[in-house]
Amino acid sequence: MRIAVLNGPNLNLLGEREPEMYGRATLGEIEAATRSHADALGVDCAWTQTNHEGELVEAIQRLRGGADGALVNAAAFTHTSLAVRDALLAIRVPFVEVHLSNIFAREPARRHSVLADVALGVVCGFGADSYCLALDGLVRHLRATHVG
Ligand code: DQA
């Protein structure tokens, strides 16, 4: 089973960026923990981060035929990007929306996601653990629907 993890803008700054909101783990540390969890589950994990909306759209388009499922932390694009939503709808790869913070407990502009209603589910508010929790849910769903 092939799982892609896509990360949007400013997540490369985790560790130093607003640690009271996002914790002290770097994106590299979160990647290592997610990869090790993916190994334990017996699934492949491809990891990407970009600060650019068009690159995120292209990374989503490349998942066609190349991934069975995805974890998507689109960061600020979660709240604004119809282009990211359209790309996810176009490729029809099941995905879980992931956030470190609980976006529903934040400023009004962050409480709305333009991706959530087309996601399999949303995992947010568990800090770095959100990634592994989302991976568990995605893999269980895919296995229950006979992928991998
Ligand atoms: C985030 C939440 C977004 O609102 C924010 O723009 C981010 C990170 C999270 O993981 O909590 O950059 O996606």
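Just so you know, residue 1 is the first one in the sequence shown, and it goes up from there. Each ligand, and each atom within it, is numbered from 1 in the order the structure gives. The structure displayed is predicted, hence computed values, not measured ones.
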For this session: Dump the intermediate steps for side-chain hydrogen bond (donor to acceptor under 3.5 Å, both in side chains) on E97 and T78, then the final yes or no.
Result: CA-CA 9 Å; E97 177 179 332; T78 303; 4.8 Å; no
Problem set entry | Nearest-0.5 Å distance, CD of residue E18 to CG of residue L100 | 11.5 Å
Problem set entry | Distance (rounded to the nearest 0.5 Å) between N73 CG and L11 CG | 4.5 Å
Exercise. Contact residues of ligand 1 with a heavy-atom cut-off of under 4.0 Å?
Worked result: R17, Y22, N73, A75, A76, H79, H99, L100, S101, I103, R106, R110
Could you tabulate the donor-acceptor pairs under 3.5 Å formed by side-chain atoms of residues 84-91, not counting sequence neighbours?
residue, atom, partner, partner atom, Å
R85, NH1, V114, O, 2.8
R85, NH1, D117, OD1, 2.6
R85, NH1, D117, OD2, 3.4
R85, NH2, D117, OD2, 3.2

For this session: Could you grab the distance from atom CG of N10 to atom CD of Q49, nearest 0.5 Å is fine?
Result: 8.0 Å
Seminar exercise, completed: Interatomic distance, CD@E16 vs OH@Y22, rounded to 0.5 Å, equals 13.5 Å
